[in-house]
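Beneath this line is the structure, given in structure tokens, with notes to follow.
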Amino acid sequence: MKSLAALLALAAAAAPSAFLAAAAAPGLHTDVVLTKSSPLVNTAELVRRTFSPLYAERLAAAHSLAGQPINIAQEKFLIYVPPRKPPQGYALLVFVPPTEITKVPSGWAPVLDDKGVIFVSAAHSGNDTKVESRRIPLAVTAAEQLVHDYAVDPSRVLVGGFSGGSRVALRVALAYPDVFRGALLNSDSDPIGTTAIPLPPPDLFRRFQENSRVFYITGDLDPVARSMQAGSETSLQSWCVFDVHATPMPHAGHTTADERTLSLALDTLLDPARAKHDGLAECRARVQSELAAAVQR
């Protein structure tokens with residue numbers, strides 16, 4: 001006869017994720033608790049992907065990089081599930097909010113329904129919280145669990161955000177191109193390959209160059225965000241990232257995408273056609289030459 005401890009262990013292993021009973025049905029679900037941590041957000045792995053090699057080495061020398069920065073069982077998520085599952089499976093949009101309270105932006109639900117896109121966003125993941133130790137691991141963990149539990153098509157997993165959340169979404173896409181296939185950047189963005197946003201390890205960056213798609217949405221009455229977008233786009237091109245798209249929102253300021261613009265962005269990001277990377281090899285050779293010259297100097 002099995003011991004009580006053994007029976008409890010078997011029950012825990014066999015039980016479905018706790019949130020599924022509440023959140024599997026179509027519609028909006030708040031205060032959802034996820035149950036699965038991801039090895040992709042172990043502290044050492046986060047440091048490897050999001051910091052420069054020199055800074056990562058210094059961190060490892062000064063601090064223990066064991067464990068994870070978040071306890072997923074203590075976190076809450078908002079999940080929106082469309083009423084109909086597409087034949088090819090759901091798509092997924094992991095949304096990084098700029099505020100502590102998260103919500104589905106106004107007018108987005110009908111578009112999510114039409115495209116078959118599940119929306120998930122972490123609470124208490126706004127601009128005042130840490131990026132590397134909170135906002136990034138929350139986004140990655142949500143993607144990993146929902147892909148598994150909803151049988152989401154892994155080639156249709158996106159990360160997005162608004163305002164300060166958009167800036168984080170680009171960092172997530174850059175560091176985790178093996179999880180996210182595209183980034184929806186709504187009103188704010190940054191250049192990459194800087195001290196603030198270093199490039200990930202070469203194998204991941206090559207994957208980002210070859211497989212990731214980026215879409216900018218900015219109001220044409222938002223001059224600050226438009227200037228930031230221009231700098232970010234120029235940076236991507238200089239680092240040989242060419243599958244980049246953008247559309248302005250007419251007569252709009254610093255605001256979330258309207259239905260028409262969101263629909264266009266999702267159609268582009270979820271298009272299965274692979275982009276042509278004409279000139280990628282030449283661009284990579286140029287960058288390598290410039291880096292070698294800089295090191296020599």
Could you tell me whether the side chain of [X] and the main chain of [Y] form a donor-acceptor pair under 3.5 Å?
X: Gln68; Y: Ser38; value: yes
X: Arg48; Y: Pro200; value: no
X: Arg213; Y: Thr268; value: yes
X: Asn71; Y: Ala73; value: yes
X: Glu100; Y: Gly126; value: yes
X: Thr43; Y: Gly67; value: yes

TODO: List the steps and the verdict of side-chain contact (heavy atoms from CB on, under 4.5 Å) for Lys36 and His148.
DONE: CA-CA 10 Å; Lys36 299 175 183 175; His148 177 271; 2.9 Å; yes
What's the separation between atom [atom1] in [X] and atom [atom2] in [Y], rounded to the nearest 0.5 Å?
X: Asp243; Y: Ser212; atom1: CG; atom2: OG; answer: 8.5 Å
X: Ile136; Y: Ile70; atom1: CD1; atom2: CD1; answer: 11.5 Å
X: Thr50; Y: Arg171; atom1: OG1; atom2: CZ; answer: 6.0 Å
X: Asn186; Y: Ser166; atom1: CG; atom2: OG; answer: 6.5 Å
X: Ser187; Y: Arg226; atom1: OG; atom2: CZ; answer: 10.5 Å
X: Phe51; Y: Glu132; atom1: CZ; atom2: CD; answer: 4.0 Å

Open item on the list: Counting only heavy atoms from other residues, nucleotides and ligands, does the tally under 6.0 Å from CG of Leu291 exceed 12?
Closed with: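 Buried by this count: over 12 neighbours within 6.0 Å.
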Task: Atom CD of Glu290 with >12 non-hydrogen neighbours under 6.0 angstrom - done: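 Count over threshold, so yes.
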Does some side-chain heavy atom of [Y] sit less than 4.5 Å from a side-chain heavy atom of [X]?
X: Thr255; Y: Met249; value: yes
X: Asp190; Y: Met228; value: yes
X: Val140; Y: Phe180; value: yes
X: Leu78; Y: Val120; value: no
X: His124; Y: Arg134; value: yes
X: Arg274; Y: Asn211; value: yes
X: Leu146; Y: Ile118; value: yes
X: Ile197; Y: Pro191; value: no

Any idea which heavy atoms bring [X] and [Y] closest together, and the distance?
X: Pro198; Y: Leu174; result: O-CD2, 3.7 Å
X: Val94; Y: Ala143; result: CG2-CB, 3.8 Å
X: Ala142; Y: Leu34; result: CA-CD1, 3.8 Å
X: Pro137; Y: Pro69; result: CG-CG, 4.0 Å
X: Pro82; Y: Gly116; result: CG-C, 4.0 Å
X: Pro83; Y: Asp113; result: CD-OD1, 3.2 Å

Please tell me whether [X] and [Y] are part of a single hydrophobic cluster in this structure, the criterion being side-chain heavy atoms less than 4.5 Å apart.
X: Val147; Y: Leu266; value: no
X: Val152; Y: Val81; value: yes
X: Leu138; Y: Val131; value: yes
X: Tyr150; Y: Tyr80; value: no
X: Val41; Y: Val159; value: yes

TODO: Determine, stepwise, if the pair Glu144 / Val179 fulfils side-chain contact (heavy atoms from CB on, under 4.5 Å).
DONE: CA-CA 8 Å; Glu144 287 279 276; Val179 176; 4.0 Å; yes
Open item on the list: My understanding is that only one of Arg206, Arg207, Arg49 makes a salt bridge (charged side-chain N to carboxylate O under 4.0 Å, His left out) with Asp178; could you say which?
Closed with: Arg49
Is a side-chain donor-acceptor pair under 3.5 Å present for [Y] with [X]?
X: Asp258; Y: Thr261; result: yes
X: Tyr216; Y: Ser232; result: yes
X: Gln229; Y: Thr218; result: yes
X: Gln88; Y: Asp153; result: no
X: Ser263; Y: Lys115; result: yes
X: Asn127; Y: Arg167; result: no

Task: Whether Phe205 and Phe208 hold their rings parallel, tilted or perpendicular, with breakpoints at 30° and 60° - done: parallel
Task: Pair Glu210 + Arg284, salt bridge at N-O below 4.0 Å - done: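 Answer for the salt bridge query: yes.
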Open item on the list: Using ring centroids (six-membered ring only for Trp), state whether His254 and Phe162 fall under 6.0 Å.
Closed with: yes
TODO: Would you confirm whether the ring centroid of Trp108 sits within less than 6.0 angstrom of the ring centroid of Phe95?
DONE: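 Yes, close enough.
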Open item on the list: Pair Val214, His245 - check side-chain contact (heavy atoms from CB on, under 4.5 Å), show working.
Closed with: CA-CA 6 Å; Val214 178; His245 309 260; over 6 Å; no
Task: Test side-chain contact (heavy atoms from CB on, under 4.5 Å) applied to Asp31 and Phe77, step by step - done: CA-CA 5 Å; Asp31 294 333; Phe77 292 80; over 6 Å; no
